[in-house]
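One structure below.
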2 protein chains.
Amino acid sequence: MKKFQHLLEPRSVAVVGVSDDAVRPGSQAVRALIKNGYAGTIYPVNPKYPEFEGLKCYAAVADIPTAIDLVVIGVPAQGVLPVLEQCAAKKVPYVVVLSGGFRESGPEGIEREDRMMEIARAAGIRIIGPNCLGFANIHSNVYAAFGSITRAPKLQKGSVSLVTQSGGFGYSIALACAEAGIGFRHVIATGNETDVDTVELIDALIDDEATSCIVAYIEGSRDGRRLLEVGRRALAAGKPVLLWKGGVTEQGARAAASHTASMTGTYDFYKALFKQTGIIEIQELHETVDYLKALLPGKYPAGRGAAVMGVSGGSAIVFADAGERVGVNMCELAPATQERLVKVVPNIGAVHNPIDLTAGYFSPANQEKLAEAVRAVLADPGADSLCVNLATTGKAGSLAAAEVLGRVAKETDRPIVVFSSAPASEIGDALAHFAQAGIPVLPSPSRAARALGVLAGYREMRAKLGAAAAPLDTGSVELTNELKQLAAQGALSETQSKSILSRAGVPVSKDVVVQSVDGSVFERMSAPLVVKIVSRDIPHKTEIGGVKIGIRTRAALEQAIAEVLDNAKARAPHAAIEGVMVSEMVRGGFELIAGVVNDEVFGPVVVVGAGGIYTEILRDTSCRIAPFGESTAREMLDELNCRRILDGVRGGPALDVAAAANSLAALSQFAWAGRDVVQEVDVNPIFVLPQGAVAVDALIILRDAPSAAAH
Amino acid sequence: MKKFQHLLEPRSVAVVGVSDDAVRPGSQAVRALIKNGYAGTIYPVNPKYPEFEGLKCYAAVADIPTAIDLVVIGVPAQGVLPVLEQCAAKKVPYVVVLSGGFRESGPEGIEREDRMMEIARAAGIRIIGPNCLGFANIHSNVYAAFGSITRAPKLQKGSVSLVTQSGGFGYSIALACAEAGIGFRHVIATGNETDVDTVELIDALIDDEATSCIVAYIEGSRDGRRLLEVGRRALAAGKPVLLWKGGVTEQGARAAASHTASMTGTYDFYKALFKQTGIIEIQELHETVDYLKALLPGKYPAGRGAAVMGVSGGSAIVFADAGERVGVNMCELAPATQERLVKVVPNIGAVHNPIDLTAGYFSPANQEKLAEAVRAVLADPGADSLCVNLATTGKAGSLAAAEVLGRVAKETDRPIVVFSSAPASEIGDALAHFAQAGIPVLPSPSRAARALGVLAGYREMRAKLGAAAAPLDTGSVELTNELKQLAAQGALSETQSKSILSRAGVPVSKDVVVQSVDGSVFERMSAPLVVKIVSRDIPHKTEIGGVKIGIRTRAALEQAIAEVLDNAKARAPHAAIEGVMVSEMVRGGFELIAGVVNDEVFGPVVVVGAGGIYTEILRDTSCRIAPFGESTAREMLDELNCRRILDGVRGGPALDVAAAANSLAALSQFAWAGRDVVQEVDVNPIFVLPQGAVAVDALIILRDAPSAAAH
């Protein structure tokens, strides 16, 4: 770990704000450093004390004779800035501000926080906090922290690092993991994240050799795009990131606003990000524990087939129920596997999946048989993973099983998980054995199934990484330049928008605007045609007779143009008429809507949904962060409830999903290339046809255009 | 508890199949009875032993000198029937058959199980099992059981009773609860349920004074209707039933089939049953624990508003997120409440909901302030419940909070729940205090929110009970008799079906079948009309020109009738023509489909869904077990994704939801009244109009009718 090396592994720590009052954050930090055996130098700072806890106490940071890697500030808010100025003078690289009284506490605090950042930026100081619990490096006994992080029970060493905006709640994650025997590397509570934020820390932790899994709790992020990049980097590095996003519902976001006023971002965009990075979403403490247990051994199933064996039929059913919901499938066992099993499973049991070993099977006497049964299953081509249901099996049986499974696990790359509901007080020996063998023990068969689902999903994301990494054609420079010129002239028209999208690779229907009764365009277009009056002053064109459809001859076209012009004159005499649009009529297929939102936090995001009447009724949409390729676009379409319409309904032809996906991918690449100028794109509708897809109406709204002002 | 009194509280127990082999089920049962201090008489039975475990051992049940309440049979399968015959001779009322080797093991076992029931029925013996772990009455130390039920840890006494088809998995539920400090009354593992089943036991447990909550795990039920009745009786009695249905997915059901071959029933029908009874569905061990913790104190919130206070902003956000998903709403606190809070909450905290008490607030010094804060919130009209987030608060702070909350909880009917993530080893004193005060402590804020959601939902179901109990008009006897007569004549036509449904209260569109070109019906109908050829031999009527729509005059009607007859003659010359149907054309509104399935397990169930193209695409349906009234029918409609279409879309009028609901209720009452004859009803479509609803096509399929044979 290079970045933040001397923050998280400081050779010396000064703590400002120690006192006889044991509850003072500074006092807690110094005591924790001493109690936990921190090997570097500790400098307590308080002008009132000659020494603190047996250490020489300094009057000020400025008085400390040597260089300091890290200063921990725990003085009341109004005292923080003078200390920070001393740190700046002393060229301290890292500061943790435990103190509250900043942005979260009103106008005065906001001003203080701004001033703090000015000092820090000028001096090149990186700050954790303010308003945070601080951090602990469990491997090196660094406790630049107070509160729960410094209290019993002490976390054990391990390879999980935790970064959390919320100290109080975030440390609950650490405690829940600790209770389940999971050890930690770094635990970092970031508070207001005025400078260093969760995303930057995750980024740094990817490069920390001692960290194998990263858990984060965030309420909001300033830069969703950066999280996307960091998530992908973590995936490439094979370090799973488990992320809990707080404030995902309306009332959750309201509660978050009253908590730290951090930007919570749109949950839909976070969900898209999870799918595009392999970041594993967590929403429960026990989920975090389960998934970490499953991930830490580092064994991933090659597919989604699972075999289940055990002494409880009910457990297998519960596994199967939960498995189906997360795509973990009860595999068929090959005849050869069943032949091997028949020899070691009692004949009142079952040798198909789920394998019923029959009550009492787990016992010292049956160890060889069990080993053969497990080996047989793990040799089966369909059994990508194995769940062994010990269920209520007691002390001796559990230990017998643990010994066998521990042995066999060494011979295989396939993950084995165990369900046991026996109390730890009864089967402690077996649990220790399982832990040593890297076999996760889950407290219900459904949780075992979900943990296997997470492993399978993570492996799939890793496999997809190669495909996603292919360079995307992110639009031409010329197109972006043209957009910038247009932006200077004001809002884009629909015609301009369609022309630009067409050149960006989104197929559009052909439109020609004529100024008079001119049927010559008929020769250049495919009938049937539609004519429509073009005027910003006529919002409801059909009502004034401004639209004619189903035009099949040149003569009819001329008549239609004449009629809509006449109608407009007669029924909207004051409207400024820009012309008459002649368009090819799109028939058949299925209407989708597509669009781009250039989000403040995530940048351009592409949304697709069921169109027409479905749009309003079904709210059936999916989104991905731009840019992306066709395979991601197909995933978006696959998520829609209306997806099966595209395969053809009531005997109709299948529609061109590939064309729709290509259009979305092109749209995403256009949006990414034009992110500095494009605020929003609405493509509504885009028809998916039996062959091809075509956008009929489209509007690009530019960032600086007057029409974008409303946003 | 009267029913099964001497099964669950036997004065004497004979155990057949004891031996020196300690793993024999019978041996385990006798040892468990002795070890746990069973106060009745124990009769071990085995001809080979003069005594067993210091008790006189009998050669056979027949040799036991006194009457016996309960015989536990643990001999191998082939020995069970002779023992049962002795029980019959001795007029033993209850037998538990622990032995496997029955239905679950193939043809021979099925025959054995049938013979077993013959003996039992003839003698009036009630049987638990076979192929089961047996049961334990924890209050009276009755252990008619083996395996996990008899092993350490011993369950503590409490008021939860557990009934489970699966012994191995079901006892996992007991162990998970025990670990969380929940005590038990009865634990019954029913195995094959050849005689006594889970539903009958739940029914009996409702009348057990020592049982306050019932937990059940079932894979299938022979009689869903009985479960409905029992569920409603439990609701009326105020005894929550928590039910885990195993085998709810396709692969779960397959796994269940290989387990006990019990009928799993349709999960959708079970879900309807849960909604109609207030039975609380559980799908996880920890859910069971959480909900029991919340239910056992017997305090229910009067509404869905919740206040949250604590020392961790993140915890409040997580509570709010989870709460929104289960309808637990962060309440607004009244100004008066906030004024009280301002006096006892530090000014860097927050006195709106969520209330931020600020770090370190929970402490012995703050007890009076905390008491005032809690009292202020509980006096607020919007705070139907309170969640106190201790989060990582340590030993002293947790105990201080527990003392205050325990005191204040006595003064209020509103439920208080606590979130604590501190390890039990640290805060044991506080946990004991909370337990004594009946304050549930949940391990995450989200689980606290969901537990409050369960409490709120249960109270609402209890309130609805009164409404649902109103007697329903379940159809006339004449209509049912008429159906029976029609059934004798064969399948019903659409016209007959519509006529019957109309009389049952389902509005239908008017149809008249004419045999010739007869325009006189025009006077009796509202134009526009539709004509349609009637012939069983012409499946696709439109294709042969057999349908004409939009008829507005008598002359046009006569012409249309003539045309469809001509077209049929010309283009389907061999078809038998039954006439021409003249119908009123229904326009506007929204198409639903409705139907009845007369299920083997649940009886008649009404299904409603989005109609037209939506039917196939969206699979948007909801169902309820018949009969039911309008309010239940409205709930069904409210569950549909397309529900908001009924409120009017794109400026269209709102549709008549009440009429649609009335139609469904009438359909349900018809289906219930006619359950002996009606196999299926398809109403497709039924239009919901701005005023009224009308079924356009309908078909009643009778149970004995030839057309029902395909089902």
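Residue numbers start from 1 in every chain, and the chains themselves are labelled A, B, ... in the order their sequence lines are given, proteins ahead of strands. Just the heavy atoms: all of them, side chains too, but no hydrogens, waters or symmetry mates, feed the values below.
Other residues, nucleotides and ligands contribute over 12 non-hydrogen atoms within 6.0 Å of the NZ atom of B:Lys154. The number of heavy atoms from other shown groups lying within 6.0 Å of CD (A:Glu332) does not exceed 12.
Across A:Pro445, A:Ser446, A:Ser444, a single residue satisfies side chain to side chain contact (heavy atoms under 4.5 Å, CB included) together with A:Ser315, and that is A:Pro445. Here the rule is side-chain hydrogen bond (donor to acceptor under 3.5 Å, both in side chains) with A:Asn192, and of A:Arg103, A:Gln165, A:Glu104 only A:Glu104 fits it.
Per-residue counts of heavy-atom pairs under 4.5 Å with chain A were compared for B:Ile348, B:Asn389, B:Val318; the largest is that of B:Val318. For the set A:Val248, A:Leu285, A:Val308, the count of heavy-atom pairs under 4.5 angstrom toward chain B peaks at A:Val248. The candidate from B:Ala320, B:Ala322, B:Pro443 with the greatest count of non-hydrogen atom pairs under 4.5 Å with chain A is B:Ala320. Ranked by heavy-atom pairs under 4.5 Å with chain B, the list A:Trp244, A:Phe169, A:Tyr171 is led by A:Phe169. Listed options A:Pro423, A:Ser105, A:Gly147 were ranked by heavy-atom pairs under 4.5 angstrom with chain B; first place goes to A:Pro423. In terms of non-hydrogen atom pairs under 4.5 Å with chain B, the most contact-rich of A:Gln283, A:Arg325, A:Met330, A:Glu250 is A:Arg325.
For A:Glu324, the parts lying under 4.5 angstrom from a heavy atom of chain B are both the backbone and the side chain. At a 4.5 Å heavy-atom cutoff, the contact between B:Glu179 and chain A is made by side-chain atoms alone. In this structure, chain A has heavy atoms under 4.5 Å from both the backbone and the side chain of B:Ala391. Heavy-atom distances place both the backbone and the side chain of B:Asn329 under 4.5 Å from chain A. In this structure, the portion of B:Glu426 lying under 4.5 Å from any heavy atom of chain A is its side chain and not its backbone. With a 4.5 Å cut-off on non-hydrogen atoms, B:Ala152 touches chain A through its backbone and its side chain both. For chain B, the nearby parts of A:Ser172 are the backbone and the side chain; heavy atoms of each come within less than 4.5 Å. For A:Thr393, the part lying under 4.5 angstrom from a heavy atom of chain B is the backbone only. Heavy atoms of A:Val311 lying under 4.5 Å from chain B are absent altogether.
Residues B:Ala610 and B:Cys642 share a closest heavy-atom pair of CB-SG, 3.6 Å.
Counting heavy atoms from C-beta on, the side chains of B:Val23 and B:Phe146 never come closer than 4.5 Å. Contact annotation: the side chain of B:Pro153 never approaches that of B:Leu155 to less than 4.5 Å [non-hydrogen atoms, C-beta and beyond].
Between the side chains of A:Asp321 and B:Thr249, at least one donor N or O lies within less than 3.5 Å of an accepting N or O.
Using a 4.0 Å cut-off between a side-chain N of Lys or Arg and a carboxylate O of Asp or Glu, A:Arg447 and A:Glu284 do not qualify as a salt bridge.
In this structure, the ring of B:Phe319 has its center no less than 6.0 angstrom from the ring center of B:Phe419.
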